[in-house]
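To keep things clear, I will list the structure first and then write my remarks on it.
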Amino acid sequence: MKRTKINSILTSDQQDYEVVVKGWVRSFRNNQFIALNDGSCMSNLQIVIDLKTDAAIVKRISNGAAISVSGNLIASQGKGQRYEVKASSIEIIGDCDGEKYPLQLKNRPSLEYLREIAHLRFRTNTFGAVFRVRHALAFAIHEFFNNQGFVYLHTPIITASDAEGAGEMFRVTTLPFDNPPRLDNGQINFEEDFFGRSTNLTVSGQLEAELAATAFGEVYTFGPTFRAENSNTARHLAEFWMIEPEVAFNNLTDNMDLAEAFIKYIIGYALENCKEDLTFLAQRLSEEEKLKPQNERSEMGLIEKLEFVVNNEFERITYTEAINILLQSPAYKKKKFQYEVSWGIDMQSEHERYLVEKHFKKPVIVTDYPKEIKAFYMRQNDDGKTVAAMDILAPGIGEIVGGSQREERLEKLEQRMNEMHIPTKEMDWYLDTRRFGTIPHAGFGLGFERIVQFVTGMGNIRDVIPFPRTPKNAEF
RNA sequence: UCCUCCUUAGCUCAGUUGGUUAGAGCAUCUGACUGUUAAUCAGAGGGUCGCCUGUUCAAGUCAGGCAAGGGGAGCCA
């Protein structure tokens, strides 16, 4: 008989039928009741064992053990659940030695401890919920773009392009690092390397996405991205997943519309399809919030916050307006900002948080930044000072999206690249798009783990990716 | 990378002014239990006090160094 997944049993109205269920024991009470979890949902299925069950089997029903149960699914005789399985036979598939098993759910192990046993943390309610939501968001992303006719583009993970300047890169090489081949001048001879040149792990698929957008019209990437920055924060990973749509003929407003609709769609999808997990995560978050001082607690619960984002327009302001708001703010006048505020600064976390969490209390899209603090490919505005950039700032986690309309005018682009000392020769393939049928186009990048953080309410980005890669840590 | 806090049993944490054999709850193990819901009850085992060096008659406790982790900042997505 084929096994039935626990979520389909619990969401169905059928009862009084034979089932086979397989999963892992979460608890075993009164020598009689097993809480069985198979990962298909947060809830456990209660198994009631026959009192005549072999004592040797009963002894092996320990926390973490994998078992198979056949029996009748009936309305529960107890109060805590709707259904239960009256077991007719129990098979131990995999024993779990209690003395050695490090996961003790009743002790409420800390997130930090669970991170050390990341191979087992999927078995907890919290991480089960987080990674089911992560999956749902990934699925929703593909669904959103597919519905709109985007082509999913796989950009290279190994690249030779080092001109984008998005961050420090991990080098990819097969040369022996203790004795690499050298040129007469002592420099390493990368012509002898695997690719015949120096290569790195990608920091962004954007430039390649732009190439494809000039043929397909709308494309998106969704893949791993690598930054060798020594960032030790709850918002940064050395290996993370990024979504980068790129759309031909879009201007900055179209770009903002797309980003806003996209974020609302995937959050809406999670609200619709992950109710049980989000309810649990909301509960978890509110318990965590209770430990904080009153003035640091958020005003909204997790689900309330997500619904608010889905149902309200994002605030759209220019960088210049943002600076003016900061200059006129009570926080500025009371000298509460640690960093100075003036037109031309790259806004600090404290400034972004003020705009999002204190002033507007909703996601904010800031546009038209000074060109000096933005990348070379962003389209220059007519004022000669700003570029058609946009960042989306979200409450609690800051910058979640960075995007722009791209500079499609060859001369302007080359001029800007020269000013920023970016070698135009190596980027010839990129400039070709501006030579042959150039078009206005726009796109953005969204850090996947940041949106997973936002939706699940998890405070540390290391807890929303299965096996986090961070400085000094590549365990598992 | 900078600032700051922390590190004691499998987990979460107490540990007074430096002073005898380092404690609790939970987990684990043994036993009991025919309706449990973080089951309950009885009993038992479990410690290189992060690592190194120093001060002292005496260090979990004081000082210095190192490491790991948390929080904040920078860089960013």
Side-chain angles (χ1 to χ4, degrees), chain A residues 26-35 43-53 55 58-59 62-64 76-81 84 86 96-117 120 124-125 164-168 203-206 224-244 259 292 296 337-339 346-350 352-353 373-375 391-394 397-403 444-454 459-465 470-473 475:
Chain A
R26 280 286 172 85
S27 86
F28 185 35
R29 295 182 288 266
N30 210 10
N31 249 1
Q32 201 185 357
F33 304 98
I34 302 167
S43 296
N44 302 320
L45 179 64
Q46 172 150 294
I47 311 294
V48 186
I49 72 168
D50 194 303
L51 291 159
K52 283 172 283 183
T53 307
V58 174
K59 201 153 204 168
S62 56
N63 289 345
S76 179
Q77 314 294 299
K79 280 181 186 158
Q81 56 283 315
E84 65 191 21
K86 194 167 162 48
C96 185
D97 183 346
E99 284 190 57
K100 291 177 186 152
Y101 191 47
L103 200 60
Q104 290 146 10
L105 301 171
K106 286 170 202 162
N107 286 338
R108 300 266 160 111
S110 64
L111 295 175
E112 291 80 19
Y113 172 69
L114 291 172
R115 220 172 279 152
E116 292 171 21
I117 51 166
L120 298 171
T124 65
N125 283 339
E164 209 235 333
E168 291 294 312
V203 292
S204 164
Q206 181 202 311
T225 310
F226 308 87
R227 307 264 167 102
E229 312 263 332
N230 190 12
S231 296
N232 292 286
T233 79
R235 300 179 300 279
H236 289 87
L237 292 164
E239 176 182 297
F240 64 102
W241 288 65
M242 190 151 65
I243 298 108
E244 295 176 290
K292 290 184 187 169
E296 286 175 29
F337 291 131
Q338 194 188 334
Y339 293 86
D346 203 353
M347 278 190 279
Q348 303 293 320
S349 293
E350 58 176 354
E352 296 180 347
R353 291 186 64 150
I373 58 172
K374 288 291 179 183
D391 283 0
I392 302 184
L393 311 176
I397 42 176
E399 186 177 341
I400 198 163
V401 162
F444 60 86
L446 176 135
F448 184 49
E449 283 75 17
R450 296 236 174 124
I451 198 85
V452 180
Q453 267 191 287
F454 185 74
N460 195 313
I461 201 164
R462 294 158 203 223
D463 295 330
V464 300
I465 188 166
T470 52
K472 299 277 191 298
N473 195 339
E475 193 68 40

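Per chain, numbering begins at 1; letters A, B, ... match sequence-line order. Owing to the predicted nature of the structure, the values given are computational and were not obtained by experimental measurement.
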- Any side-chain donor near an acceptor of the partner, A:S27 and A:R29, under 3.5 Å: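 Their side chains do contain a donor-acceptor pair, which is all the 3.5 Å distance test asks for.
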
- Under 3.5 Å, is there a donor-acceptor pair between the side chain of A:E244 and the main chain of A:G205?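 Yes, the answer is positive, given that a donor and an acceptor are paired below the 3.5 Å cut-off.
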
- Message: Does the protein touch nucleotides 6-13 of chain B at the base, only the backbone, or not at all? Give it as B, S and - per nucleotide, heavy atoms under 4.0 Å.
- Response: ----BBS-

- Item | Secondary-structure stems, RNA chain B, at least 3 Watson-Crick or G-U base pairs under 3.5 Å |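 For RNA chain B the paired stretches long enough to count as stems (3 pairs minimum) are B:1-5 with B:69-73, B:10-13 with B:23-26, B:28-32 with B:40-44, B:50-54 with B:62-66.
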
What integer distance in Å separates [X]:[atom1] from [N]:[atom2]?
{"X": "A:R353", "N": "B:rG74", "atom1": "CZ", "atom2": "P", "result": "10 Å"}
{"X": "A:R26", "N": "B:rA39", "atom1": "CZ", "atom2": "C1'", "result": "17 Å"}
{"X": "A:I373", "N": "B:rG74", "atom1": "CD1", "atom2": "C1'", "result": "15 Å"}

- Query: For A:E350, which of A:E352, A:Q348, A:R353 qualifies under side-chain contact (heavy atoms from CB on, under 4.5 Å)?
  - Reply: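 Exactly one pass, corresponding to A:Q348.
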
- Using the P atom as the reference point in each nucleotide, state the distance between B:rA42 and B:rG25 in Å, no decimals.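 These two P atoms come out 11 Å apart once rounded.
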
Within the structure provided, determine whether [X] and [Y] are in side-chain contact (heavy-atom separation under 4.5 Å).
{"X": "A:I461", "Y": "A:H236", "result": "no"}
{"X": "A:I400", "Y": "A:I451", "result": "yes"}
{"X": "A:F33", "Y": "A:V48", "result": "yes"}

- Query: Looking only at heavy atoms, what is the nearest atom pair of A:P109 and A:Q104, with distance?
  - Reply: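 Nearest pair, atom of A:P109 first, then A:Q104: CD-O, 3.4 Å.
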
- Item | Contact nearer the 5' end of RNA chain B, comparing A:G459 with A:D391 |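 Taking each residue's closest nucleotide, the earlier one in sequence belongs to A:G459.
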
- Task: Classify the nucleic acid contact of A:K59 as base, sugar-phosphate or nothing, counting any heavy atom under 4.0 Å across all strands shown.
- Result: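 The answer is sugar-phosphate, as A:K59 gets under 4.0 Å only of primed atoms, P, OP1 or OP2.
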
- Message: Classify A:E244 by what it touches in the nucleic acid, base, sugar-phosphate, or nothing, heavy-atom distance under 4.0 Å.
- Response: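 Nothing, no heavy atom under 4.0 Å.
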
- Task: Report yes if a donor N or O on one partner sits less than 3.5 Å from an acceptor N or O on the other, where the partners are the side chain of A:Q81 and the base of B:rU36; otherwise report no.
- Result: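 Side chain to base: pair found, below 3.5 Å.
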
